[in-house]
Amino acid sequence: MPILEVKKLRKTFQSVVAVDNISFSVENGEIFTIIGPNGAGKTTTLEMIEGLQTPDSGEIQLKGMNWKSDSGRIKQIIGVQPQTSALFDLLTVYESLDVFAGLYKRSRSIDEILDFINLTEHRNKRVKILSGGQKQRLAIGIALVNDPDILFFDEPTTGLDPQARRNIWDIVLKLKSLGKTTILTTHYMEEAEKLSDRVCIVDQGKIIALDTPQNLIQVLSKEREIHLSFPASIKDAREIIQVVKEYPGVTKVKAEQNMLIFSTTSPEESLYHLFKYTTENQIKVEQIGIKDLSLEDVFLSYTGKEWRD
Ligand code: ADP
Ligand code: MG
């Protein structure tokens with residue numbers, strides 16, 4: 001049985017359909033990422049599952065329980081990372097955790113949590129002097145005080161520098177190694193790709209794709225983009241365009257100075273023909289690269305829109 005099941009969830013604000021018939025389920029132990037541009041409906045979806053907003057329609061089951069009949073028990077098994085703006089500036093790190101731990105019957109030791117979020121040495125610092133990354137880690141710590149099974153992190157890495165983002169990823173992966181389930185949102189494709197067991201791509205309140213990162217990319221991976229550069233003496237790769245255009249599988253070709261860029265659904269065959277041509281015509285190829293596809297390409301293919309962080 002999935003640990004979380006969401007069926008036909010819908011939420012509107014006046015004329016805005018924030019979440020439009022979303023259904024998915026999450027298995028125990030998964031890192032499940034909801035990714036989408038600003039306004040896609042990520043926060044609204046998460047907050048409905050967390051019991052903070054009431055859906056217009058649809059069903060939510062957490063370990064087989066629902067908010068109407070089991071809210072008390074659900075609160076014991078979920079952990080919600082608060083917005084860092086909700087932390088109290090004047091409390092210390094330790095005190096912040098202690099305040100939240102006091103809200104639960106069962107709580108983990110604060111020393112253990114401090115160690116887990118790597119803030120032991122900052123335990124007596126006031127929140128207001130913490131860095132952005134440290135505040136996010138503290139907010140994650142607060143989500144952990146009741147030792148929950150399911151964690152919800154809403155854009156925990158937005159605005160952080162790459163190192164601070166990786167520190168958060170490490171915590172999420174440690175939680176997974178403890179068997180916890182994490183549902184997180186992000187608008188960084190790279191993060192979704194690196195961290196998630198499955199990725200749910202949302203746009204305008206709807207799921208446009210949901211699968212493992214590998215599968216999402218594989219669907220597209222028939223088409224690859226190939227870059228070749230020729231020595232500067234070949235001032236113009238444009239005449240090669242005419243030749244490459246005719247190869248089977250080639251969908252797009254362009255040239256920029258001594259660079260040739262083309263997309264093909266048969267990379268091996270296209271390259272075979274191309275190298276035959278360049279050898280026969282004694283054209284030296286300086287560099288060749290085959291672009292790896294990413295989730296950004298998946299988004300583009302489903303929506304027709306370029307992804308922008
Ligand atoms: P995301 O988290 O993906 O950026 P949100 O769930 O915050 O998206 O918002 C989805 C849509 O719903 C947006 O168009 C947003 O403006 C709208 N929305 C969210 N909350 C409210 C609210 N309380 N009142 C009115 N509109 C809202
Ligand atoms: Mg949001």
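None of the values given here were measured: they were computed from a predicted structure. Quick note: numbers below take in every heavy atom, side chains included, and nothing from hydrogens, waters or symmetry partners. Note that ligands are numbered from 1 as they come in the structure, with each ligand's atoms numbered from 1 the same way.
- Look at Asp147 and Lys180 and you find a salt bridge, because one of the NZ, NE, NH1 or NH2 atoms lies within 4.0 Å of a carboxylate O, short of that distance.
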Contacts table for ligand 1: protein N or O within a distance under 3.5 Å of ligand N or O, distances only.
residue, atom, partner, partner atom, Å
ligand 1, 2 (O), Thr43, N, 2.9
ligand 1, 2 (O), Thr43, OG1, 2.8
ligand 1, 3 (O), Ala40, N, 3.1
ligand 1, 3 (O), Gly41, N, 3.0
ligand 1, 3 (O), Lys42, N, 2.9
ligand 1, 3 (O), Lys42, NZ, 2.8
ligand 1, 4 (O), Gly39, N, 2.7
ligand 1, 6 (O), Thr44, N, 2.9
ligand 1, 6 (O), Thr44, OG1, 2.5
ligand 1, 8 (O), Gly41, N, 3.1

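- Proximity of Phe262 to Ile240: side-chain heavy atoms (C-beta onward) are nowhere separated by under 4.5 Å.
- The count of protein N, O or S atoms under 2.8 Å from the Mg ion (ligand 2) stands at 1, with waters excluded from the count.
- Partners of Thr44 by side-chain contact (heavy atoms from CB on, under 4.5 Å), not counting sequence neighbours, listed by chain and number: Lys11, Phe13, Ala18, Val19, Met48, Gln53.
- Between the side chain of Asn281 and the backbone N or O of Tyr277, at least one donor-acceptor pair lies under 3.5 Å.
- Tested against Arg108 for a side-chain contact (heavy atoms from CB on, under 4.5 Å), the candidates Leu97, Val145, Ile113 yield a single pass: Ile113.
- Between Lys206 and Asp20 there is a salt bridge, since at least one side-chain N of the basic residue sits less than 4.0 Å from a carboxylate O of the acidic one.
- Using modelled atom types and a 3.5 Å distance limit, the side chains of Asp154 and Thr185 yield a donor-acceptor pair.
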Donor-acceptor pairs under 3.5 angstrom involving side-chain atoms of residues 76-90: please list them, not counting sequence neighbours.
residue, atom, partner, partner atom, Å
Gln81, NE2, Gln136, O, 3.4
Gln81, NE2, Gln136, OE1, 2.7

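- Ion pairing between a basic and an acidic side chain is recognised when a charged N comes within 4.0 Å of a carboxylate O; Asp70 and Lys63 show no such pairing.
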